[in-house]
Amino acid sequence: MSGSAPLVDAFNRRITYLRLSVTDRCDLRCTYCMPERMQFLPRSEVLSLEELHRMALGFIARGITRIRLTGGEPLVRRDVIELVRALGRRIGDGLEELTLTTNGTQLAQHADDLAAAGIRRINVSLDTRDPALFERLARRDRLGAVLEGIAAAKAAGLRVKINTVALKGLNEAELPDLIAWAHGQGHDITLIEVMPLGDVDEDRVDHYLPLGAVRDALERRWTLSASSHKTGGPARYLDIAETGGRLGLITPLTNNFCDGCNRIRVTTTGQLYACLGGSERVDLRAALRSDDPDGQLSDALDLAMRIKPERHHFRIDQRGATPAQPRTMSVTGG
Ligand code: SAM
Ligand code: SF4
């Protein structure tokens, strides 16, 4: 057992950031994320609140300083606020930051509770402000609720970062307006290249948009300059002089960022995936349910450090190609 030794992988990367999926379920069905008839896990397989909490404490004991709760849609899990409160008590005591990634549909109900529990900033996914396109992309007519959620988060004092998957021929033309809107509201915004994770009903190749092309188009309109801003995630940031805001770019396909990876992900069933794009995993649920949960968990984390791969190998250039991994992002935890 390695007690409180920090987590360092075989490539000498210090792992300090945990993305913890609290549910694989979701109230939307974004076309690039999951099929309409998504098969969710039976509830019996999902970790209990106590298990999630104990596991998170085990990570903090091993030097994880930032935890992002995600899913699926974290706010559809009924007891998630209890977990947020319990982990919020560790902020300043091992944990530097607790954050959340949400689709925003339930944010209006929860924003005050999140802020009261110690969350300071959240990511909200929003691919379009056009109601018809939203319904086409999310397969649900919920744009109004998301916009209300974003406004409620701002009113609760939460810093909001908008996450937008850039999609050729879908939200491509709207991206400048979406960026200008986000900056006008005081929110940062990050664009993401669509990744080949899990089978969905459409072929992602059709709407894959490399962000280099988006940046070139934006440069014809605005003055962009590299920003030194860092959040601990994979985004690289640009300042836009005219909007006065910051634009993040996450480029898993066109500009690999694995050298600086500081992350691991745990699914809602307690499977630790050492890489979003890899199959290397360790079963933390078995460790948690053993007769020495804390010791076994710590040993499992050491194993995860030995098997974490150097990088992902995403490709998205061939129609009908098999995804890099069979798991959708909603399963691994986005
Ligand atoms: N449901 C929450 C949400 O949508 O924010 C949290 C989980 S979701 C899986 C996290 C992020 O992953 C979202 O911003 C979503 O747009 C993104 N995402 C999902 N599938 C993706 C894919 N195949 N490629 C790139 N981003 C993806
Ligand atoms: Fe749900 Fe988020 Fe996936 Fe959309 S991206 S289907 S909101 S988990």
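From a predicted model like this one, the values you see are computed outputs, not experimental measurements. Start at 1 and go down the list; that is how both ligands and their atoms are numbered.
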For ligand 1 and [X], I'd like to know whether there is a polar contact (N/O to N/O, distance under 3.5 Å).
X: Thr101; value: no
X: Met195; value: yes
X: Tyr32; value: yes
X: Thr102; value: yes

For this session: Say whether Ser4 and Arg62, considering side chains only, have a donor N or O and an acceptor N or O under 3.5 Å apart.
Result: no

Exercise. Is the closest side-chain donor-acceptor distance between Arg68 and Thr101 under 3.5 Å?
Worked result: yes

Among all protein heavy atoms in this structure, tell me which lies nearest to [atom], with the distance rounded to 0.1 Å.
atom: atom 10 (C) of ligand 1; result: Gly334 CA, 3.8 Å
atom: atom 26 (N) of ligand 1; result: Val165 CG2, 3.8 Å
atom: atom 1 (Fe) of ligand 2; result: Cys26 SG, 2.3 Å
atom: atom 1 (N) of ligand 1; result: Gly72 O, 3.0 Å
atom: atom 3 (C) of ligand 1; result: Ser125 OG, 3.3 Å

Which atoms of ligand 1 sit under 4.0 Å from any heavy atom of [X]?
X: Thr70; value: 6 (C), 7 (C)
X: Glu193; value: 25 (C)
X: Cys33; value: 19 (C), 20 (N)
X: Val194; value: 24 (N), 25 (C)

Exercise. With a cut-off of 2.8 Å, does any N, O or S atom of Cys33 fall short of it relative to atom 3 (Fe) of ligand 2?
Worked result: yes

Exercise. Are Leu247 and Ile192 connected, step by step, through hydrophobic side chains (Ile, Leu, Val, Met, Phe, Trp, Tyr) whose heavy atoms are closer than 4.5 Å?
Worked result: no

For this session: Answer yes or no: are there more than 12 heavy-atom neighbours, outside Arg159 itself, under 6.0 Å from its atom CZ?
Result: no

Problem set entry | Geometric cation-pi criterion, Arg204 with Tyr32: 6.0 Å, 45° | no

How many angstroms lie between atom [atom1] of [X] and atom [atom2] of [Y], to the nearest 0.5 angstrom?
X: Thr268; Y: Arg25; atom1: OG1; atom2: CZ; value: 9.5 Å
X: Arg281; Y: Thr332; atom1: CZ; atom2: OG1; value: 11.0 Å
X: Leu47; Y: Leu284; atom1: CG; atom2: CG; value: 8.5 Å
X: Glu73; Y: Ser125; atom1: CD; atom2: OG; value: 8.0 Å

For this session: Run the numbers for me: atoms of ligand 2, each under 4.0 Å from some heavy atom of Cys30, listed by number.
Result: 4 (Fe), 5 (S), 6 (S), 7 (S)

Problem set entry | From Pro74, Cys26, Pro252, Gly71 - option closest to atom 8 (S) of ligand 1 by heavy atom | Gly71

Seminar exercise, completed: Heavy-atom proximity to atom 17 (C) of ligand 1, picking from Arg68, Arg19, Met329, points to Met329

Exercise. Taking C-beta and beyond as the side chain, do Thr102 and Asn123 meet within less than 4.5 Å on heavy atoms?
Worked result: no

Exercise. Can you tell which part of Met34 has a heavy atom less than 4.0 Å from ligand 2: side chain, backbone, both or neither?
Worked result: side chain

Exercise. Is Arg13 salt-bridged to Asp259, cutoff N-O under 4.0 Å?
Worked result: no

Exercise. Taking 4.0 angstrom as the limit, do Glu96 and Arg66 come out as a salt bridge?
Worked result: no

Problem set entry | 4.0 Å heavy-atom contact, Arg204 with ligand 1 | yes

